[in-house]
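As structure tokens, the structure follows; a few thoughts come after it.
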Amino acid sequence: MNKILFFAGLREVVGKEEVKWDAAGLTVADVKQKVYSEYKNDQIQSSMIAVNEEFVRNDRTIEEGDTIAFIPPVSGG
Amino acid sequence: MKKRCWITEHPLDVNSVVNQASRREAGAINTFIGTVREFTKGKRTLFLQYEAYPAMAEKKLEQIAEEINQKWPGSETVIVHRTGRLEITDIAVIIAVSTPHRADAFEASRYAIERIKEIVPIWKKEHWEDGEEWIGNQKETKSGIPVKEENS
């Protein structure tokens, strides 16, 4: 099972901070597409993705237990 | 070991951050203090809400401190960022960099705040009299990794 985390504007679009899916074997691009087909929001495609708290590329394959975070454009400071 | 980079919901204290950066080898400590501004392009902000992915944000702040160590040998960096509701004039972020000589301290603290705005998962929501909006400045690449991150 995998945890998928949403933050800031994306958390509000999705309506929750976290969902649990079995995403093992999918690529990051697949996960984005799957989330997009469910929530239909442009921020999903433009978000960066972190797996286990590190930024990853779209071709990264998800493994069992990975935590996937959607990171909308950041605005700290 | 005491953390040198962290996220907190509590008000920030400049002195404690400066003290943590202080050491005998330093000839300078430069601090950057980011505060909540009332007017942005003529529009009045009532307050800000900051949100973070705390575990990852602390890792990325630590990465920035490490980058500064590489670029400016002999430096010591301390960074703290606040989350939650912040009022106008409240401190959102404090950066303190100590270095043997002053020029490096100025440059390194500037570097730290610019990097925070690129790679650290922290977001702010501006609340106005007539609405609210999540703010996002940073550019991402198609592959999903921040531009500078990919180069580093």
Side-chain angles (χ1 to χ4, degrees), chain A residues 2-20 23 26-37 39-63 65-77, chain B residues 7 32-37 48-64 79-83 91-95 110 112-126 132-150 152:
Chain A
N2 298 96
K3 262 199 274 189
I4 305 180
L5 308 178
F6 301 102
F7 295 95
L10 208 46
R11 173 174 50 72
E12 292 179 353
V13 165
V14 171
K16 45 196 143 188
E17 293 175 15
E18 180 183 324
V19 297
K20 287 198 167 107
L26 299 180
T27 64
V28 164
D30 295 336
V31 173
K32 272 188 168 180
Q33 190 52 47
K34 203 174 156 185
V35 171
Y36 183 77
S37 64
Y39 299 102
K40 304 280 186 223
N41 187 281
D42 290 343
Q43 282 189 70
I44 292 161
Q45 295 294 4
S46 63
S47 283
M48 297 184 293
I49 303 293
V51 171
N52 304 332
E53 301 167 4
E54 280 300 334
F55 290 114
V56 295
R57 294 168 196 279
N58 281 330
D59 59 5
R60 160 76 172 257
T61 302
I62 303 301
E63 292 174 20
D66 281 349
T67 296
I68 304 156
F70 279 72
I71 311 282
V74 302
S75 50
Chain B
I7 306 290
F32 174 84
I33 301 170
T35 58
V36 178
R37 176 178 56 232
L48 295 182
Q49 187 80 27
Y50 279 93
E51 176 177 323
Y53 179 6
M56 182 174 172
E58 289 188 350
K59 270 193 193 175
K60 300 317 268 184
L61 290 175
E62 179 60 35
Q63 178 188 324
I64 293 169
I79 308 174
V80 55
H81 201 300
R82 188 175 169 192
T83 55
I91 296 174
V93 59
I94 303 172
I95 299 163
R110 176 71 190 258
I113 185 65
E114 301 303 338
R115 285 296 271 161
I116 286 171
K117 289 171 181 293
E118 290 167 355
I119 66 164
V120 181
I122 299 173
W123 302 269
K124 72 175 163 201
K125 189 181 207 179
E126 290 188 352
E132 55 185 47
E133 190 177 40
W134 287 101
I135 309 300
N137 306 312
Q138 138 270 36
K139 308 249 187 285
E140 76 282 347
T141 64
K142 281 187 184 149
S143 65
I145 291 176
V147 180
K148 294 266 175 74
E149 181 92 342
E150 203 161 28
S152 65

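In what follows, every chain begins at residue 1, and chains take the letters A, B, ... in the order their sequences are listed. These numbers come from a predicted model, not from an experiment.
Counting heavy atoms of neighbouring residues, nucleotides and ligands inside a 6.0 Å radius, atom NZ of Lys59(B) exceeds 12 of them. Counting heavy atoms of neighbouring residues, nucleotides and ligands inside a 6.0 Å radius, atom CD of Glu17(A) does not exceed 12 of them.
Annotation for Met56(B) and Ile71(A): closest pair SD-CD1, 4.1 Å, computed over non-hydrogen atoms. In terms of heavy-atom proximity, Val74(A) sits nearest to Ile116(B) at CG2-O, 4.3 Å. Between Ile119(B) and Phe55(A), the closest heavy-atom pair is O-CE1, 3.4 Å. Pairing each heavy atom of Tyr53(B) with each of Ala69(A), the nearest pair is CE2-CB, 3.4 Å.
Neither the backbone nor the side chain of Arg60(A) comes within less than 4.5 Å of any heavy atom of chain B. If you measure heavy-atom distances from Tyr50(B) to chain A, the contacts under 4.5 Å come from the side chain alone. With a 4.5 Å cut-off on non-hydrogen atoms, Ala55(B) touches chain A through its backbone and its side chain both. Ala57(B) does not touch chain A: none of its heavy atoms, backbone or side chain, sits under 4.5 Å away.
Side chain of Lys117(B) to main chain of Ser75(A): no donor-acceptor pair is present (N/O by atom type, distance under 3.5 Å, no hydrogens or angles).
One distance of note links NZ of Lys125(B) with CD of Glu12(A); it measures 3.5 Å at 0.5 Å rounding. Between the CD atom in Glu58(B) and the CD atom in Glu53(A) there is a gap of 10.0 Å [rounded to 0.5 Å].
No side-chain heavy atom of Trp134(B) sits under 4.5 Å from any side-chain heavy atom of Pro72(A).
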